[in-house]
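Right, one structure below, let's go through it.
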Amino acid sequence: MSGYKEYKSLDLPSLENEVGKFWEEKKIFEKSISTRDGKEPFVFYEGPPSANGMPGIHHVMGRAIKDLFCRYKTQRGFQVNRKSGWDTHGLPVELSVEKNLGITKEDIGKKISIEEYNAECRREVLKYQDAWEKLTHKMGYWVDLKNPYVTFDNNYIETLWWALKQLYDKGLLYEGYTIQPYSPAAGTGLSTHELNQPGCYRLVKDTTVVAQFKVVNDEKSKFLFHDVQLPVYFLAWTTTPWTLPSNTALTVGGEIEYSLIQTFNPYTAIPINVILAKSLIAKYFESNFENAEMKFEAGKKELPWKVLSTFKGKDLDGVRYEQLLPYQQPTDGDAFKVVTGDFVTTEDGTGIVHTAPSFGSDDFRMAKKYNLGSLTLVDKQGKFVDGVGEFSGMYVKNYKDDKNYESPDVLICIKLKKENKAFKVEKYEHNYPHCWRTDKPVIYYPLDSWFVKTTAAKDRMMELNNTINWKPESTGTGRFGNWLENLQDWNLSRSRFWGTPLPLWKSEDETEVVCIGSIADLKEQINLSAENAKQFGLEYDVQSISGNLKDLHRPFIDRIYLISKTGKKLSRTPDLVDVWFDSGAMPYAQWHFPFENKELFAKNFPADFIAEGVDQTRGWFFTLHALATLLYDSVAYKNVVSNGLVLDKNGNKMSKRLGNSVDPFETLDKYGADATRWYMISNSQPWDNLKFDIAGIDEVKRKFFGTLYNTYNFFALYANIDKFNYSEDEVPLNKRPEIDQWIISLLNSLVKTVQADFENYEPTHAVRTIQQFVDEHLSNWYVRLCRRRFWKGDYTEDKIAAYQTLYKCLLTISKLIAPVSPFFADKLYIDLNSVSKKENAESVHLSDWPETNDKEIDSSLEERMQIAQDISSLVLSLRKKVNIKVRQPLNKIMIPVLNTTFKSQVEAIQDLVLSEVNVKAIEFITDAEGVIKKKAKANFKLLGQKLGKNMKAAADVIILFNQKEIAELEKNKAIAVLINDNPVEILLEEVEIFSEDIPGWQVANKNELIVALDITISTSLQEEGNARELVNKLQKMRKDGGFNITDRVMLSIEKHDFINATILNFKNYICAEILADDLQMVEQLSDAEVVEVNDFPIKIILKQKK
RNA sequence: AGUCCCGUAGCUCAGCUGGUUAGAGCACUACACUGAUAAUGUAGGGGUCGGCAGUUCAAAUCUGCCCGGGACUACCA
């Protein structure tokens, strides 16, 4: 029979390689699903990564979390399908293609055809697929890579169309002309997601101006001119002076108080009256010069001012003013008047907001509400259109990196200053969004877009969100909840090339719109178009148009046009769909639902579990949720883990630029996936950021895997000698020694804890608990104390019990760690099981989660063992204090006992302790002898509630209780005392009674436990100590001599006064320990080895018996 | 600017619903032990629990404000 595999060293990477090959050959992953056929599914959705970039170490983190719960659920008996996916559309792909080809957006369709361009994107997008798959295998992430969903797939797109059509039919898809972030440099609108790439908002210094808008004196405004004949101006602040030519209104807050102030223009010194929010006066005027003499020179600081009147914003409603920069006038509505809006604040500016409907969304809203006209005097390239005087053709920001660039912001301010239209011009530092791709400032610009009316389902989305189990909870209620509360409609349109085309066909006059929900639908529309065309005598070649259906991307789809029944030509709206729609619709699209797999979909919706980075909260987590709510009035996922970032060891973000990023392949190659995964999961909660330190992986490897490996090797070594293969009947637990019962009890508790933690998506606690069990309890206590049981004596029931116990612990551990460290776990499982054949699973990942047995949990035993460990630790520390090595036996330890339960607890573990600390006996000291002095201490928790304010005084009283008082308390279970002159009865259970030091002994204590050690060494103890020392040296000689553990030996020792008696008295012991068949004392030994035994040189010859 | 998370030993982190010597591992130092040996044990130093206030008999723990780090959100003129 071949025994348990023994190992020379722990080499995780090569072990993983081997296990990985085994999984592949035996199709273990496939079996982990197929063997669960018919079982309850546990539905997991894989968030699709984009394979146009290399995977990073944070992907290992994210995937470790996903993998561990899927594996765990499999062990629990669920069937866990894991379809992989690739996110293939979107700007990042397009941009890297542009970069590769050295082109810009404007070149597409000119220098390169859309067809070629998109073909390039298709190639680019899976550029690193190999690397991703390699990482997947290497890190042991189990996901079905053979049948991934790919978002550029026609089938996938068809489902997206279906979803869009559903929304369209429900009236949840609409077209709107709105103000959106727009990057003139990139020539595209930007999504909020893109705008919120890290670093997009940057502190910039802009030239800002408080402009003067001259009030028209008429019926409405005459209250402003009542006292004075001076011109009156509204003061309005802007950080974007370039929008001033497009100003068509001013917005005030209806309830905000405004003041009319008499003063001078600081630049021209022309006497003026100005209007601004009362609470902001101090921002522009110094209190020193209030009501000063009305005299001012340009450039001086002493600007006199005087409040003439104060009124509410609503009084200004409808007041007209003269256009500030009259280059062009709006034709689409009223203009140049004051309106009221609730968004106005008095935090900065003047409380009067310059309103340019084309360049701000609040502005746009005001324009809609008050039917204001608009001026769009900047084109899509970001330059002023013709007809804006000297500014015509100028770029509003330096988009072209022109060295001689002059900012229109500055020029406009200069102009306004000269014309007595600027009250204050200054540089101002503020956050402003920039295009993440071009680094250039974004402007807000009116664009036509299609929206999903997510606001319609806002309340429902919030309700459904409350049913989702978020880890951590705060992300769900806080970050996600707040986001839902402030929900805006979802802007779907993207004017790009590589992505899912919007399935909308429109007539040129925009009166007719068709939304297509499937390829069949489109075919039908094409056939209908042919009929309609015939009716109107138009040409329409069904064949050539249908030829464009093979690939639903642009440009083919754009070539399809339709003819409506009124004879109008309908062309496709050229926009693409936001890529987040792609991934948000993956629950449906991954199955090509509803065109195929209806049942499969029904079984796999919603997901039980998803996990991604916290940065996906407003990304994937949102789009999944929004679409599920809108389409199915359901959540898309029931449990979601949002993990934090992986930072470098100093807590900085990893970036290629800083050179502090960690290569996942290198890490996995060097340390292995198991150690890396274990480190990541154990080091910090998944939702906290991980400060990734390579040294931590090393520690995990040594501390955890090293210990576990050592424990296994220890087991294998002796089990092989004894040919233990678990063929014997199970030794009943109650027939096994206490220590076996104890470790089994702990093991049961461990399984329970770990199981609960995994169920609650708390992997970190689970992993730490396992680690503690393996290190502290299994290795450093159980194995350490039981070593002799394994290598001493015959193959008795006790020995079998020891093997069975340790085997069970190891096998159970292999199952518990399988979700987190799948390779090592499987190796351990297979190595154990291949000899015992106790289980019939081929791999730990096909095995079932261990059962727990509450009857095997014995908390009083666990408590006892804790006492044993404490006593041992105290005795060892005492030995250390007096410098007596453990090999030197001592007579006794003494322990004061204050009650009988404690005494019986110690008696039960007496033998363990005695052999552990090498002492002959435990002596119990009771207070009957009067040796120990009792003390009492308040139980703060109990007494605090009872006494409240008197707690402190009571504690002081109790600690001073004398022996008599304590005796009374113990006898009567209560004692009456005076606390702050109040009579109070203190109950026995409200105090803790402990003993003070034992006078005259070497004592040590831990909390209430006190241990004293008798350190007198008699001659026989000394001899025994010598014997043990000698045995130790002989064992070393055996080992150095390369003897096998089971080899028998012959021993000769040269006589020496120091050792003669020892050998005489302990001959049998010595021989037994070192497996000597013969021990001879000789007068003189030549060629002998000299060993020091307790400082005396002893000559010895040790020979292997042939 | 708002929302959320984090701040405990040199490092990485525990410390649950407030309760009296604030813990563990790593690292460091010293000493032991050892047929699990590229392990193990014991002891030691090292903390104003980010700061300030409040609630309470009692605060690392609850509340408020502030500081520092991070994430997310944001047209704030």
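Numbers restart at 1 for each chain; the letters A, B, ... are given by sequence-line order, proteins then strands.
Here the separation of rC28(B) from rU17(B), taken at their P atoms, is 36 Å to the nearest Å. Between the C1' atoms of rU48(B) and rG7(B), the separation comes to 16 Å (whole Å). Comparing rC49(B) with rU20(B), their C1' atoms are spaced 16 Å from each other, to the whole Å. Going from the P atom of rG15(B) to that of rC52(B) covers 24 Å, rounded to whole Å. Spacing between rG46(B) and rU29(B) at atom C1', rounded to whole Å, works out to 12 Å. Atom C1' of rG45(B) sits at a distance of 16 Å from the matching atom of rC26(B), rounded to the whole Å. One C1' atom belongs to rC65(B), the other to rA27(B), and the distance between them is 38 Å to the nearest Å. Between the C1' atoms of rA24(B) and rA14(B), the separation comes to 7 Å (whole Å).
As judged by a 4.0 angstrom heavy-atom cut-off over every strand, Asn713(A) is placed among residues making no nucleic acid contact. At a threshold of 4.0 angstrom between heavy atoms, the contacts of Thr238(A) are confined to the sugar-phosphate backbone, with no base atom among them. Residue Phe364(A) is classed as having no contact, given no heavy-atom separation below 4.0 Å to the nucleic acid. Among the atoms of the strands shown, none is found under 4.0 Å from any heavy atom of Tyr712(A). Using a 4.0 Å heavy-atom criterion, one finds that Gln1035(A) contacts the bases of the nucleic acid, with or without backbone contacts as well. Within the nucleic acid shown, Glu916(A) has no heavy atom closer than 4.0 Å to any nucleic acid atom. Contact annotation for Asn1032(A): backbone-only contact, meaning every heavy-atom pair under 4.0 Å involves sugar-phosphate atoms and none involves a base.
Trp580(A) and Phe622(A) have their aromatic ring centers separated by at least 6.0 angstrom. Proximity of the aromatic rings of Phe692(A) and Tyr679(A) is defined here by a centroid distance below 6.0 angstrom, and this criterion is met. Ring centroids of Tyr445(A) and Tyr182(A) are separated by less than 6.0 Å, placing the two rings close together. Phe621(A) and Phe480(A) have their aromatic ring centers separated by at least 6.0 angstrom.
If you take CE of Met951(A) and P of rG18(B), they are 17 Å apart, rounded to a whole angstrom. In this structure, CH2 of Trp678(A) is placed 17 Å from P of rG25(B), rounded to the nearest angstrom. Atom CD1 of Ile681(A) and atom P of rA14(B) are 14 Å apart (whole Å). Rounded to whole angstrom, the span from the CD atom of Gln866(A) across to the C1' atom of rG23(B) amounts to 14 Å. Distance Tyr432(A) OH to rC75(B) C1': 8 Å, rounded to the nearest Å. As a whole-Å value, the separation of Asp698(A) CG from rA27(B) P is 10 Å. Rounded to an integer number of Å, the gap from Leu785(A) CG to rA36(B) C1' is 14 Å.
Side-chain N/O atoms of Arg702(A) include one lying less than 4.0 angstrom from OP1 or OP2 on rA27(B). Contact annotation: Arg787(A) reaches the phosphate of rA36(B) (side-chain N/O to OP1 or OP2, under 4.0 Å). Phosphate proximity of rC57(B) to Asn950(A): absent, as no side-chain N or O sits under 4.0 Å from OP1 or OP2.
Listed by residue number, Phe940(A), Lys941(A), Gly944(A), Gln945(A) are the residues of residues 940-947 of chain A with a heavy-atom contact under 4.0 Å to RNA chain B. At a non-hydrogen distance threshold of 4.0 Å, nothing from residues 240-253 of chain A comes into contact with RNA chain B.
Side-chain atoms of Thr764(A) and Pro686(A), non-hydrogen and from C-beta on, do get closer than 4.5 Å to each other. Two residues are said to be in side-chain contact when any heavy atoms from C-beta on lie closer than 4.5 Å; Leu828(A) and Leu708(A) meet this criterion. Taking the side chain as every heavy atom from C-beta outward, Gln180(A) and Asn491(A) approach each other to under 4.5 Å. Taking the side chain as every heavy atom from C-beta outward, Ile979(A) and Ile986(A) approach each other to under 4.5 Å.
Shown here are the salt bridge (Lys or Arg N to Asp or Glu O under 4.0 Å) partners of Arg787(A), two or more places apart in sequence or in another chain: there are none. Remark: Phe715(A) engages Tyr4(A), Ala719(A), Phe724(A), Tyr803(A), Leu806(A), Tyr807(A), Leu810(A), Leu832(A) in a side-chain contact (heavy atoms from CB on, under 4.5 Å) (not counting sequence neighbours).
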**Message:** How would you summarise protein contacts on nucleotides 2-8 of chain B per nucleotide, using B for base, S for sugar-phosphate only and - for none, with heavy-atom distances below 4.0 Å?
**Reply:** -SSSS--
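Here the nucleotide nearest the side chain of Leu645(A), chosen from rA36(B), rU21(B), rG70(B), is rG70(B). Listed candidates were rC26(B), rG70(B), rG41(B). Nearest to the side chain of Asn780(A) is rG41(B). Nearest to the side-chain atoms of Lys949(A) among the listed nucleotides rC57(B), rA36(B), rA77(B) stands rC57(B). Candidate nucleotides rA77(B), rG25(B), rU12(B) were compared by shortest atom distance to the side chain of Asn683(A), and rU12(B) ranks first. Closest to the Asn710(A) side chain, of the nucleotides rG25(B), rA39(B), rA77(B), is rA39(B). Closest to the Lys691(A) side chain, of the nucleotides rC75(B), rU12(B), rA77(B), is rU12(B). Closest contact between the side chain of Trp237(A) and the listed nucleotides rA77(B), rG25(B), rU40(B) involves rA77(B). In this structure, the nucleotide among rU40(B), rG70(B), rC57(B) sitting nearest to the side chain of Lys703(A) is rU40(B).
Paired with Phe714(A) under the rule ring pair (Phe, Tyr, Trp, His ring centres under 6.0 Å), one option of Phe790(A), Tyr709(A), Tyr782(A), Tyr7(A) passes, and it is Phe790(A). Among Asn247(A), Thr240(A), Thr239(A), the single residue meeting the side chain to side chain donor-acceptor pair (under 3.5 Å) criterion with His354(A) is Asn247(A).
Put simply, OG1 on Thr350(A) and CD on Gln212(A) are 11.5 Å apart, with the number rounded to the nearest 0.5 Å.
Counting only Watson-Crick and G-U wobble pairs whose two key distances fall under 3.5 Å, RNA chain B forms stems of three or more stacked pairs at B:1-7 with B:67-73, B:10-13 with B:23-26, B:28-32 with B:40-44, B:50-54 with B:62-66.
In terms of position on RNA chain B, the residue among Gln685(A) and Val783(A) whose nearest nucleotide sits closer to the 5' end is Gln685(A).
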**Prompt:** Asp870(A) and Gln866(A): side-chain hydrogen bond (donor to acceptor under 3.5 Å, both in side chains), yes or no, with the steps?
**Reply:** CA-CA 6 Å; Asp870(A) 289 344; Gln866(A) 187 58 52; 3.2 Å; yes
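Counting non-hydrogen atoms of neighbouring residues, nucleotides and ligands closer than 6.0 angstrom, the NZ atom of Lys283(A) exceeds 12 such neighbours.
Between the side chains of Glu6(A) and Asn713(A), no donor-acceptor pair of N or O atoms lies under 3.5 Å.
Closest non-hydrogen pair, Ile352(A) versus Ile275(A), comes out as CD1-O, 3.4 Å.
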